[in-house]
Amino acid sequence: INVLMPPIRQAVDNQKFDKKQIQNALKNLEEVLQLQPNNPQVQEYKTLLTDRLNRGEKGMQYEQSIKKGNEFYDAKNY
């Protein structure tokens with residue numbers, strides 16, 4: 001558990017969206033939860049990181065759709 005927690009805390013403390021870091025932290029959280037299923041702090045971290053991952057992916061999809069729209073407009077294919 002002592003080896004798994006530092007990367008989890010780094011992901012929780014990191015305010016920037018880093019998909020790989022969050023996914024790795026979530027994998028580590030699953031292992032910790034198997035060892036300590038009743039740990040409230042770990043459950044809170046899992047909820048926080050899952051929400052952050054979902055919001056980040058939605059934001060990336062939105063930015064990609066805006067970029068495609070701008071490219072379409074700039075190419076004057078309408």
Side-chain angles (χ1 to χ4, degrees):
I1 292 174
N2 292 335
V3 173
L4 297 172
M5 287 306 291
I8 294 169
R9 286 192 188 107
Q10 286 178 343
V12 169
D13 293 339
N14 187 3
Q15 295 300 318
K16 294 183 180 179
F17 178 73
D18 184 351
K19 185 175 180 178
K20 288 183 182 181
Q21 183 184 34
I22 294 172
Q23 288 174 332
N24 288 335
L26 286 170
K27 287 179 189 176
N28 290 345
L29 280 168
E30 290 297 327
E31 291 183 41
V32 173
L33 282 172
Q34 287 178 356
L35 298 170
Q36 293 182 341
N38 296 326
N39 186 329
Q41 183 181 24
V42 174
Q43 291 173 351
E44 182 181 328
Y45 284 169
K46 182 179 179 184
T47 303
L48 179 94
L49 290 175
T50 302
D51 290 345
R52 190 178 294 171
L53 182 64
N54 291 335
R55 283 193 322 261
E57 288 179 346
K58 287 179 186 177
M60 286 176 50
Q61 289 172 355
Y62 174 76
E63 289 173 8
Q64 288 173 351
S65 65
I66 295 296
K67 183 179 176 183
K68 285 182 183 179
N70 288 341
E71 289 171 357
F72 181 78
Y73 179 77
D74 291 342
K76 297 184 179 15
N77 291 333
Y78 49 91

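For clarity, every value in this text was computed on a predicted model and none was experimentally measured.
Nearest approach of A25 to L49, heavy atoms of both residues: CB-CD1, 3.7 Å. Closest of all the heavy-atom pairs between N38 and Q43 is CA-NE2, 4.2 Å.
To the nearest 0.5 angstrom, R9 atom CZ is 11.0 Å from L4 atom CG. Atom CG of N28 sits about 13.5 Å away from atom OH of Y45, to the nearest 0.5 Å. Between atom CG of residue L29 and atom CD of residue E44 there is a gap of 11.0 Å, rounded to the nearest 0.5 Å. Between the CG atom in L53 and the CG atom in D18 there is a gap of 10.5 Å [rounded to 0.5 Å].
Without hydrogens or angle criteria, R52 side chain to V12 main chain gives a donor-acceptor distance under 3.5 Å. Side chain of N14 to backbone of Q10: no donor-acceptor contact under 3.5 angstrom is found.
The hydrophobic cluster containing L33 does not contain V3, counting ILVMFWY residues as joined when their side-chain heavy atoms lie under 4.5 angstrom apart, directly or transitively.
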